[in-house]
Each structure stands twice: as C-alpha cells, then as structure tokens.
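Below is one structure; the comments refer to it alone.
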Amino acid sequence: MSGGGSGPYGTPAEYAAVVVGAGPAGVTCVGNLLERKVEPILWVDDGFNGGRVNRKYREVPSNTKAGLFVDFATSVAPFRKIVSAMPSRSRWEEPSESDGVAVGGKADKLQDLRQLDQTKGCELSYAADMILMLTEGLKRTPGIVTQQGRVGEGVLDESTGNWTVRIDTPSRSDETNITTAQTQRLILCTGSSPTDIPLPGQLPDLPPLDLDTALSPTQLSRILSPLGPTTISVIGASHSAILVLRNLYRLAASTKPDLKINWFTRHALRYAEYMDGWILRDNTGLKGEAAVWAQQHLEPENFPKSDVSNYITAISYAKEAEQEIFEQHLPGSDYILKAIGYSRDPIPHLRTRDDKQITPYYDHEKGCFNYVKESDCGSIGDLARLPGTYGAGIAWPERVKDPYGNVEYAVGFAKFMKFVKRVSPQWN
Ligand SMILES: Cc1cc2nc3c(=O)[nH]c(=O)nc-3n(C[C@H](O)[C@H](O)[C@H](O)COP(=O)(O)OP(=O)(O)OC[C@H]3O[C@@H](n4cnc5c(N)ncnc54)[C@H](O)[C@@H]3O)c2cc1C
C-alpha cells in the first residue's frame with residue numbers, strides 16, 4: 001500500500017488500482033491485477049451481481065463454447081484458488097507452487113459448466129453463475145476492498161498522475177461507505193447497453209420494446225401475452241436480432257398466435273465461418289443456435305416453406321431507401337424493437353484538478369486512454385496519454401485484424417481475458 005490516509009474501519013484511502021464495474025471484464029481485470037500483486041484494489045459496482053450477462057442475458061444461448069467459460073475461470077491463479085475452493089493466500093504470504101497449477105476438475109466449483117458438452121454453446125446462465133462465483137471469491141480475497149455504488153467522478157492531478165475518485169454510494173450517510181479514494185490506476189469496465197438512436201423519417205411515436213427484455217423469453221411472454229393482437233417491428237439482422245425473432249416466433253407459435261412480426265433488414269444474413277485455425281466474422285457473424293435457426297428458417301430459400309413465415313414478414317431494403325421503407329411500413333405497429341448494436345454506457349465524469357473536462361479516447365491496441373492535454377499557455381495540445389487510465393470489456397475491446405485484413409472488435413469472455421493478459425503488465 002502506498003501512503004495515504006485511511007478510510008472507514010481501516011480501509012486504505014489510497015489504492016494501487018480502482019476497478020470500475022464487476023461484469024465479466026471487471027472480474028477479468030481484478031484477477032489479472034491480483035495475479036501481478038497489484039494491490040490493494042478498490043472494486044466498485046452497483047450490485048456485484050455479474051454485470052449484464054447475469055442481470056439481462058441468463059436465458060440467451062451463448063455464441064461461444066462452454067469450454068471457453070471453463071478456460072476463463074481457470075486462466076489466472078486467483079481464479080484457480082477460488083474455483084478449487086482452497087483457502088486464499090494472505091496478502092503477505094509468498095505464493096505457493098499450487099498457485100500456478102490448474103485445478104483438477106473433479107471437485108471444483110465448475111461442475112455445472114464441466115458437465116456440459118465443452119464443444120457446444122450453453123445457456124448464458126451457466127456463464128453468469130461462474131462470474132457470480134468468481135465475484136464472491138474475489139470479494140473475500142485479501143487485497144480486495146469492495147464498495148457498492150457508482151464511481152461518479154475522477155479528478156486527475158496532472159502533476160503527479162494521481163486520480164481522486166468519487167463514489168456515489170447507495171446510502172451516503174453510512175460511515176462504512178468509501179466515498180473517495182486515491183489511485184494511480186483507474187480501470188474502466190463499465191459495459192454497454194442496446195443502442196437507441198432516432199430513426200429517419202416522419203414516423204409514428206411507437207412505444208419501444210426493450211432489446212434486453214426481448215432477449216428473455218420469460219419477460220417477453222409476461223409483457224406480450226396479456227395483450228390482444230400485437231404487431232412488433234424488429235429492426236436489425238445481427239446476432240441479437242435473430243435471437244429476438246426466434247423468441248417472438250416461438251411465443252407466436254405456442255401461446256400467442258395473434259402476434260405478428262415485421263422484420264426490417266438491410267443486408268443478407270452474415271455467418272461466422274470456421275477457417276483453418278481462425279474464424280471469419282468471429283465477432284460480427286451469426287454463431288451457435290442463432291446461426292442454425294437463421295439458416296433453417298430465415299434464408300430466402302427456406303423462409304417461404306418455414307412456419308416462421310406465418311408470423312414474420314421480412315422487409316429487405318437498401319440503406320438509401322431506409323426512410324421511405326420506415327415511413328411506409330412502421331405505421332400500424334404496436335411496438336418498435338431496435339436490435340442495432342450496443343453502445344458504451346456513460347462513464348464517470350473525468351476532469352483535471354483545475355476543472356478542465358477530460359474526454360478520453362480509447363487505444364484499442366494497448367487498452368489505455370489518450371486525451372487532449374492543454375499546454376501551459378492554455379492552447380490545445382496534441383493527444384497525450386491519459387495517466388493511469390485503462391479499459392476492458394464490451395465497451396473497451398481490443399481491435400483485431402483477421403488474415404483477410406478485416407478489422408473487428410473482440411468481444412467475449414475469452415477475448416477480454418486474452419487482451420487483459422497481454423496489456424495489463426504495462427498498466428503501471
Ligand atoms: C446479447 C449478448 C450475448 C452475449 N453472449 C456472449 C457469449 O455467448 N459469450 C461471450 O463470451 N460473450 C458474450 N457477450 C459479450 C460479453 O461477454 C457480455 O456483453 C459481457 O456482459 C460484457 O461484460 P462487461 O464487463 O464488459 O460489461 P457489463 O456486463 O455490462 O458490466 C459492466 C458493469 O459495470 C457497472 N458499472 C458501469 N458504470 C459504473 C460506474 N460508474 N460505477 C460503478 N459500476 C459501474 C455496471 O453496473 C455493470 O455491472 C454477449 C453480449 C450480449 C449483449
């Protein structure tokens with residue numbers, strides 16, 4: 001621990017790192033920092049309940065193999081200790097040899113995942129439970145201090161590179177809460193939510209159907225089943241859009257035959273392709289159950305003879321015709337559902353000690369941030385490294401290039417782990 005005063009009940013006021021967010025990316029970063037003995041770590045999240053994968057996507061079929069979740073949960077020594085249920089090392093104790101030994105797999109805490117076919121996808125509830133188990137274990141690991149709440153602001157002292165972080169806790173009057181902390185490393189694992197941008201054209205004011213809700217068959221049924229005849233317009237042809245179409249179709253074909261779906265799509269379906277040792281469209285193509293279902297029911301040669309076409313009307317169009325198509329086909333719908341991607345959630349407000357706002361620009365190769373630094377005479381300077389600030393996860397992914405030269409952003413548990421393992425040794 002490096003200097004500083006002390007917080008409530010002896011918790012340090014200065015931390016080697018403050019990690020913002022406890023979804024899969026936050027878990028990844030905390031595990032990697034601990035492995036490198038970067039501690040104490042202050043870890044902040046609204047709920048420590050697994051991030052969005054647990055809160056929103058438990059019923060979603062994974063687009064990655066079950067075996068990758070097992071690999072994730074055993075990829076750093078602090079995780080292996082939690083998984084194998086061994087007592088945690090005290091902060092002062094030298095690591096034992098067993099720190100680096102892979103857990104045997106017989107009696108560890110990954111039995112639910114291990115019993116699945118490791119080469120196939122699974123319901124994301126399995127991945128979410130694994131994240132919850134690691135979160136609970138990390139919370140009890142020496143060197144980790146947790147605080148429920150939101151990091152509202154980070155203030156940079158440009159002369160020292162030190163950050164003062166403000167945490168908005170659920171009950172600020174409770175003196176056990178940590179409301180400020182100092183750190184040299186501020187790590188953003190803040191996540192993303194479904195994109196919601198206005199559509200072009202003179203359109204009726206349709207109520208939105210939340211993408212996250214539609215990814216849960218249980219919630220979808222709860223909302224739609226009590227209604228009379230319902231028409232839903234779904235926009236998009238990505239992985240999430242296909243899963244939503246499948247959920248809606250299954251509801252219509254089982255208990256809600258008065259459900260109609262208009263499916264607006266701008267391009268042919270794109271699938272991930274398994275090449276020799278790599279995957280084409282690894283991060284953007286359809287995979288797993290979504291790919292199989294789309295192939296069988298939505299491809300133009302199969303769609304007309306599939307039962308799906310009794311409920312779904314496909315409206316294909318070119319980007320240039322978008323406005324006209326929306327104006328023509330959206331009126332009459334009861335709900336509009338935009339499955340058009342995910343956008344970063346708002347991050348904490350960042351500023352300098354002399355109150356200049358900081359806009360961080362992410363470096364997708366190194367996992368750090370840059371900012372426009374003002375020169376001493378007040379003129380706008382070039383992009384400079386934003387001291388001690390790093391990011392990972394769906395909001396801050398690695399940029400990768402495949403052997404054909406296609407550029408994608410690498411999103412998924414295994415990819416977060418691979419990236420953070422590579423870049424975090426430089427997070428000084
Ligand atoms: C529909 C869908 C399916 C997916 N399927 C798979 C899959 O099969 N396999 C796979 O590997 N990946 C999958 N992913 C991708 C990815 O693994 C998940 O999106 C994952 O949840 C991203 O983790 P994260 O930690 O980056 O973000 P999140 O899970 O969103 O977690 C961010 C956390 O940070 C907290 N937070 C944000 N701001 C603050 C703040 N200021 N202060 C405190 N806390 C804050 C949030 O409350 C949240 O708990 C899928 C993604 C989606 C959308």
Side-chain angles (χ1 to χ4, degrees), residues 18-30 42-73 120-128 130-132 134-135 146-154 165-170 186-195 211-216 236 238-244 247 272 282-283 286-291 339-350 391-398 409-420:
V18 172
V19 177
V20 188
V27 169
T28 304
C29 289
V30 169
L42 177 63
W43 195 16
V44 187
D45 189 271
D46 307 284
F48 290 96
N49 52 5
R52 296 176 70 81
V53 82
N54 180 55
R55 298 205 287 260
K56 308 280 186 183
Y57 308 134
R58 286 186 68 87
E59 293 175 73
V60 171
S62 76
N63 52 27
T64 47
K65 295 170 185 165
L68 281 180
F69 295 128
V70 173
D71 292 348
F72 175 93
K120 296 216 168 92
C122 60
E123 218 179 43
L124 280 176
S125 59
Y126 288 92
M130 177 269 286
I131 291 293
L132 289 172
L134 290 178
T135 304
T146 55
Q147 175 60 54
Q148 192 175 342
R150 287 193 77 74
V151 173
E153 186 178 58
V165 170
R166 191 195 77 229
I167 300 145
D168 302 324
T169 59
L186 178 60
I187 297 168
L188 302 178
C189 302
T190 40
S192 298
S193 300
T195 302
L211 173 59
D212 287 339
T213 304
L215 285 167
S216 158
S238 63
H239 193 76
S240 300
I242 302 306
L243 291 172
V244 163
N247 288 347
D282 190 15
N283 296 282
L286 302 177
K287 285 182 177 173
E289 286 184 26
I340 51 175
Y342 295 82
S343 306
R344 285 173 191 149
D345 286 334
I347 63 166
H349 177 237
L350 303 181
I394 187 170
W396 315 107
E398 183 182 20
Y409 293 94
V411 172
F413 288 44
K415 292 162 185 169
F416 302 159
M417 180 57 75
K418 189 174 165 216
F419 184 44
V420 172

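Nothing here was measured: the structure is a model prediction, and the numbers come from that model. Every number for a ligand or one of its atoms is a count from 1 in the order of the listing.
Take D46 and apply the salt bridge (Lys or Arg N to Asp or Glu O under 4.0 Å) test, not counting sequence neighbours, and it matches R150. D345 meets the salt bridge (Lys or Arg N to Asp or Glu O under 4.0 Å) test with no other residue; sequence neighbours excluded.
With a 4.0 Å heavy-atom cut-off, ligand 1 is reached by the side chain of V411 but not by its N, CA, C or O. Here C189 has backbone heavy atoms under 4.0 Å from ligand 1, and that is the only part of it that gets that close. Looking at I394 against ligand 1, both its backbone and its side chain come within 4.0 Å, counting heavy atoms. Residue K415 does not touch ligand 1, judged by heavy-atom distances below 4.0 Å. Counting heavy atoms under 4.0 Å from ligand 1, residue L215 touches it through the side chain alone.
Residue T64 approaches ligand 1 through these ligand atoms, each under 4.0 Å from one of its heavy atoms: 7 (C), 8 (O), 9 (N), 10 (C), 11 (O). Each of the atoms 26 (O) of ligand 1 lies under 4.0 Å from some heavy atom of G393. Residue V20 approaches ligand 1 through these ligand atoms, each under 4.0 Å from one of its heavy atoms: 39 (C), 40 (C), 41 (N), 42 (N), 43 (C). Under a 4.0 Å criterion applied to the non-hydrogen atoms of Y342, ligand 1 contributes the atoms 1 (C), 53 (C). Near D45, meaning under 4.0 Å from any of its heavy atoms, are these atoms of ligand 1: 33 (C), 34 (O), 35 (C), 43 (C), 44 (N), 46 (C), 47 (O), 48 (C), 49 (O).
Checked by distance only, ligand 1 and D46 come closer than 3.5 Å through their nitrogen or oxygen atoms.
Around atom 52 (C) of ligand 1, the closest heavy atom drawn from W43, Y57, F48 belongs to Y57.
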